[in-house]
Amino acid sequence: MAEAHQTIDGNLLAAKSLAHFGVEHMFGVVGIPVTSFANRAVSLGIRFIAFHNEQSAGYAASAYGYLTHRPGVLLTVSGPGCVHGLAGLSNAMINTWPMVLISGSCDQNDVGRGDFQELDQIEAVKPFSKFSIKAKHVSEIPNAVAQVLHWSTSGRPGGCYLDLPSDLLHQTVTIAEAEKLLSAAETFFVNATPETHVSGIEKTVSLLRNAKRPLIVFGKGAAYSRAENELKKLVESTGIPFLPTPMGKGLISDTHELAATAARSLAIGKCDVAFVIGARLNWLLHFGEPPKWSKDVVFILVDVSEEEIELRKKSVNVGAGLVGDAKCVLESVNKAIKDEPFCLGKSHPWVEELKKKVKDNVVRLEAQLAKDVVPFNFYTPLRIIRDAILAVGSPAPVVVSEGANTMDVGRAVLVQTEPRTRLDAGTWGTMGIGLGYCIAAAVASPGRLVVAVEGDSGFGFSAMEVEMSWFKKLRSSTRE
C-alpha cells in the first residue's frame, strides 16, 4: 500500500502512457528537455532508434506507421528540433499515414521571455497535423498521449502532435493516481472504422457488371488496410484488369496476367468504368480528367474520407462513392458479386487489347534491359538489381526508391510481388526519405531484406544515417 503513495515524475508517466497504449518503437533525436523521458521509455521496453537528424527520424516514423498500421512516434527536442520534425509530420499527413510527433518545449513560466529554444509549437504544427495538444500539467499526460495516438489512426490516418513542456516533465503524481489516469484515458480507443454503405455496393457491382472496359485501380490506402486478399479475389473472380499506383505495386503481383501497369496510358485512356480503391484522384492519377482519362469515364471511389469523395464529385463523374476501410468495402463487394457472378474472360476484347499492349511494351523494355551499357545508363544497373531482388524469393525484399530518374525508371523495371514492399517519394514527392524509410522497414519487418535504390542527390539528403545503421549492426555483432 505504501507503494501506491510513492510518486513518479512526468518523464516516467509519459513513458508509461506510451507503453500502456501499445507503443513499441520510438524514433528521434534526444536532448534537453526530453532525454530523461527517452531513457524512461527504454527502461519500460520501448525501443528507441536514435538518428543524426530529426528529418530522417520523422520520415522513419511516418513510414513505420504505414508499414505497421500503428502510429509511428517521433521524439524531438524543443524549438528547432520540433521544426525539423515537421518534415516527417507533414509527410505523414499528405500520405495519410498515422504518426505522432512529441516535442519537449520550454518552461511554461518562461514563455514570452526568450527562453532556450522557445517557440509556440502548437501554432507551428497546425498546418501539418490533424490534431495537436499541449499537456499543461502532469495529470494531463495520459489523456494527451491517448488522444494523439487515437486521432492519428482514426478516420483518415495522419499526423498528430503532442507538446510536453519541460516543467511538466518534472512535476509528480502518486503511482495510484497515475494508474487511475491511465485507466481513464483508455476511453479514447474505440472502433472508428466508417460504416460501408450497402446501397453503394449494389451500384458498384452494377457498374462493373455492365462496363465494356472496366479497370480496377488501387493505391497505398488499400495497402494500408491490408486489402490484398480481397483485391486478388475481386480481380480473379471478375477478370477485370488492374492498375496499381506506385506504392500499390505488389498488392497483386506485378507478374499477374491481368496487370496493366505496362499498358498504363491505354488502360486509363480507354476504360469506361474505373474502380478506384484506396487511391486519390490527385496528380498521381492525373486528377481523373482528360486528356489522360476518357471524358466519359465513370469512377467508383472507395475512401475512408467522405470529404475526399465529395471533393472529386466536383470535377469528375462519380457513379458511386463507398465510404469505409478498403478491406471491409471489398469484402462486401465480393460477397455481392458472389451472389450474382460475372467474369470478362481471357478472350474479352478489352482484356486482349490490354494484354497485347503489355506484351509489346515489355518486349521493348526487355530489349533495353538486355544491353550491357558501360558507363552505366539507368537500365543496366536496375536490371542487375531487379534480378538480384527476384532471386531472393519470399519474403520479398522491401525496396525503397527515391530520386527523379532513378525512381521513375525503377518503377517500370523493378518488380513487386508482395504487398507493401515498395516505398518511394509518395504523394508529396518527398526527397530525402530514403534512409529513414529503410530503417523503418527494417524495424517493422525484421525478417525482410531492405534495399535502397536511390539517385545520388536523393541519397545525399540522409546519407549519414548509413553510418548510424552500420555502427549499430557492428556493435550488435560484437556483443554476440
Side-chain angles (χ1 to χ4, degrees), residues 63 218-220 223 228 241-268 284 354-426 429-435 437-439 441-442 445 447-463 466 469:
F218 50 84
K220 61 181 180 291
E228 52 267 22
F242 66 89
L243 177 70
T245 63
M247 284 180 59
K249 280 163 61 69
L251 281 175
I252 305 176
S253 175
D254 288 344
T255 61
H256 195 284
E257 62 179 353
L258 289 170
T261 303
R264 186 179 190 274
S265 295
L266 174 64
I268 68 175
L284 285 166
L354 284 175
K355 281 187 175 181
K356 181 180 183 303
K357 187 66 173 176
V358 166
K359 183 178 179 181
D360 291 345
N361 288 344
V362 168
V363 167
R364 280 196 290 270
L365 177 62
E366 287 300 324
Q368 286 273 72
L369 292 171
K371 302 173 185 176
D372 288 323
V373 179
V374 181
F376 281 162
N377 60 9
F378 284 101
Y379 290 100
T380 300
L382 284 169
R383 182 202 71 211
I384 296 169
I385 294 167
R386 178 198 66 180
D387 293 347
I389 289 172
L390 289 174
V392 173
S394 185
V398 176
V399 176
V400 178
S401 185
E402 68 172 325
N405 294 324
T406 304
M407 183 173 64
D408 292 342
V409 178
R411 186 169 57 246
V413 175
L414 302 178
V415 177
Q416 259 68 51
T417 59
E418 295 180 9
R420 293 167 294 281
T421 55
R422 178 181 173 84
L423 296 169
D424 62 24
T430 309
M431 290 295 103
I433 49 88
L435 271 298
Y437 278 15
C438 284
I439 293 168
S445 304
R448 290 185 186 266
L449 174 67
V450 182
V451 181
V453 184
E454 305 191 40
D456 54 352
S457 180
F459 176 65
F461 277 88
S462 57
V466 170
S469 300

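- Note that OG1 of Thr406 and CG of Asp424 are 12.5 Å apart. Values are rounded to the nearest 0.5 Å.
- Of all heavy-atom pairs between Leu354 and Ala260, the closest is CD1-CB, 4.5 Å.
- Remark: the backbone N or O of Leu243 is not paired with any side-chain donor or acceptor of Arg264 at under 3.5 angstrom.
- Atom-to-atom distance recorded for Tyr437:OH and Glu402:CD is 9.0 Å, nearest 0.5 angstrom.
- With sequence neighbours left out, Glu418 forms a side-chain hydrogen bond (donor to acceptor under 3.5 Å, both in side chains) with Ser394, Arg448.
- Listed here is the closest heavy atom pair of Gly447 and Pro395: O-CG, 3.8 Å.
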Show which side-chain atoms of residues 450-460 pair as donor or acceptor with protein atoms under 3.5 Å away, not counting sequence neighbours.
residue : atom : partner : partner atom : Å
Glu454  : OE1  : Phe459  : N            : 3.4

Apply the test side chain to side chain contact (heavy atoms under 4.5 Å, CB included) to residues Tyr379 and Leu365: give CA-CA distance (whole Å), side-chain angles for both, the deciding distance (0.1 Å), then the verdict. CA-CA 9 Å; Tyr379 290 100; Leu365 177 62; 3.6 Å; yes
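- Not counting sequence neighbours, the partners of Lys249 by the salt bridge (charged side-chain N to carboxylate O under 4.0 Å, His left out) test are Asp254.
- When the side-chain hydrogen bond (donor to acceptor under 3.5 Å, both in side chains) test is applied to Thr430, the partners found at least two apart in sequence or on another chain are Asn91.
- In this structure, Val374 and Thr380 have side chains that are not in contact, with every pair of non-hydrogen atoms separated by 4.5 Å or more.
- Minimum heavy-atom separation, Gly219 to Thr245: CA-OG1, 3.1 Å.
- A 4.5 Å side-chain heavy-atom check between Leu414 and Val399 finds at least one atom pair inside the cut-off.
- Remark: Ile252 CD1 to Thr417 OG1 distance equals 13.0 Å, nearest 0.5 Å.
- Taking all atoms of both residues into account, the shortest heavy-atom contact from Met247 to Gly426 is SD-CA, 4.3 Å.
- The minimum heavy-atom distance between Ala262 and Val358, with the atom names listed, is CB-CG1, 4.0 Å.
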Kindly indicate, with the supporting measurements, whether the criterion side chain to side chain contact (heavy atoms under 4.5 Å, CB included) is fulfilled by Val413 and Ile385. CA-CA 9 Å; Val413 175; Ile385 294 167; over 6 Å; no
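- Here the closest non-hydrogen pair linking Pro419 and Leu251 is CB-CD2, 3.8 Å.
- Put simply, the side chain of Arg422 reaches to within 4.5 Å of the side chain of Pro246, judged on heavy atoms.
- With sequence neighbours excluded, the residues forming a salt bridge (charged side-chain N to carboxylate O under 4.0 Å, His left out) with Lys355 are Glu257, listed by chain and number.
- Two residues are said to be in side-chain contact when any heavy atoms from C-beta on lie closer than 4.5 Å; Arg386 and Leu369 meet this criterion.
- Among residues two or more places apart in sequence or in another chain, the ring pair (Phe, Tyr, Trp, His ring centres under 6.0 Å) test is passed with Phe218 by Phe242.
- Going from atom CG of Asp387 over to atom CG of Leu382 covers 11.0 Å, rounded to the nearest 0.5 Å.
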Test salt bridge (charged side-chain N to carboxylate O under 4.0 Å, His left out) on Arg364 and Asp360 and set out the steps. CA-CA 6 Å; Arg364 280 196 290 270; Asp360 291 345; 5.6 Å; no
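- Here Leu449 contributes atom CG and Thr421 contributes atom OG1; the two are 11.5 Å apart, rounded to the nearest 0.5 Å.
- In this structure, OG1 on Thr261 lies 12.0 Å from NE2 on His256, to the nearest 0.5 angstrom.
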